[in-house]
Amino acid sequence: MPGNTAYDEGVMKEIKWQGIWAKQREADRKAGRIKEPSPWFIGKYRRPERLPEKLPPVEDGKGTADSRPNTAHSGVAVTRAKSAPALEKMRTSHMETEMKRSFHIETSVLGKKFTPAYKIPRRMY
């Protein structure tokens with residue numbers, strides 16, 4: 001690559017390696033050697049969140065036999081589901097809580113792989 005600057009050479013090498021890595025990922029996908037992606041992601045306010053297994057079904061708004069109108073405070077009817085499956089969906093198991101906590105620690109400044117984005121100069125007074 002004569003006549004190129006160091007920046008141009010770096011860009012060319014990056015493009016070359018991206019192509020190599022893409023071919024390797026495709027070969028791994030065809031061979032069935034891909035690692036399952038983590039169901040956890042960093043959500044709002046840097047809190048770890050888990051992707052849902054399936055999207056919940058959309059209700060038609062008519063309500064169910066287990067729901068009743070609630071007019072206690074505002075006088076407007078509000079329907080609430082009182083079924084056990086709906087309550088089970090809201091509970092997070094102990095294992096998921098521990099996975100969430102460890103994911104949050106590993107992606108924070110307490111993690112083993114943490115490196116600061118830039119070095120903060122220390123002033124001596």
Side-chain angles (χ1 to χ4, degrees):
M1 294 182 225
N4 289 339
T5 64
Y7 177 79
D8 292 337
E9 289 180 17
V11 170
M12 295 299 283
K13 286 180 182 178
E14 185 177 349
I15 291 170
K16 175 184 129 185
W17 278 103
Q18 285 178 350
I20 292 170
W21 293 330
K23 288 176 187 173
Q24 290 173 349
R25 276 194 307 272
E26 184 65 24
D28 287 345
R29 187 185 64 78
K30 286 182 179 177
R33 293 186 302 249
I34 9 181
K35 179 182 164 189
E36 187 175 327
S38 173
W40 295 94
F41 67 97
I42 299 176
K44 193 173 182 182
Y45 305 115
R46 305 273 307 147
R47 303 252 187 231
E49 295 182 22
R50 186 180 174 109
L51 291 172
E53 297 294 326
K54 294 180 182 177
L55 293 176
V58 178
E59 293 185 14
D60 57 0
K62 295 178 184 173
T64 62
D66 293 339
S67 64
R68 60 183 173 85
N70 183 3
T71 59
H73 296 291
S74 63
V76 177
V78 178
T79 58
R80 293 183 183 165
K82 302 257 183 188
S83 62
L87 294 176
E88 282 297 320
K89 288 179 186 176
M90 290 189 283
R91 292 193 179 113
T92 305
S93 71
H94 176 69
M95 184 179 78
E96 287 178 340
T97 304
E98 286 300 310
M99 285 173 49
K100 183 177 179 180
R101 185 185 65 77
S102 66
F103 177 81
H104 188 61
I105 288 174
E106 285 302 315
T107 55
S108 72
V109 295
L110 302 174
K112 295 174 188 169
K113 299 178 184 176
F114 174 76
T115 55
Y118 57 88
K119 189 170 182 166
I120 300 172
R122 192 172 190 192
R123 296 183 186 181
M124 301 298 258
Y125 288 103

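Residues take their numbers from the sequence shown, with the count starting at 1. The figures that follow rest on heavy atoms only: side chains count, while hydrogens, waters and symmetry mates do not.
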What distance do [X] atom [atom1] and [Y] atom [atom2] have between them, rounded to the nearest 0.5 Å?
{"X": "E49", "Y": "I42", "atom1": "CD", "atom2": "CD1", "result": "10.5 Å"}
{"X": "E26", "Y": "I34", "atom1": "CD", "atom2": "CD1", "result": "9.0 Å"}
{"X": "R33", "Y": "Q24", "atom1": "CZ", "atom2": "CD", "result": "10.0 Å"}
{"X": "W40", "Y": "K100", "atom1": "CH2", "atom2": "NZ", "result": "6.0 Å"}

Report yes if the side chains of K16 and M12 come closer than 4.5 Å at any heavy-atom pair, otherwise no.
->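 No; the side chains remain at least 4.5 Å from each other.
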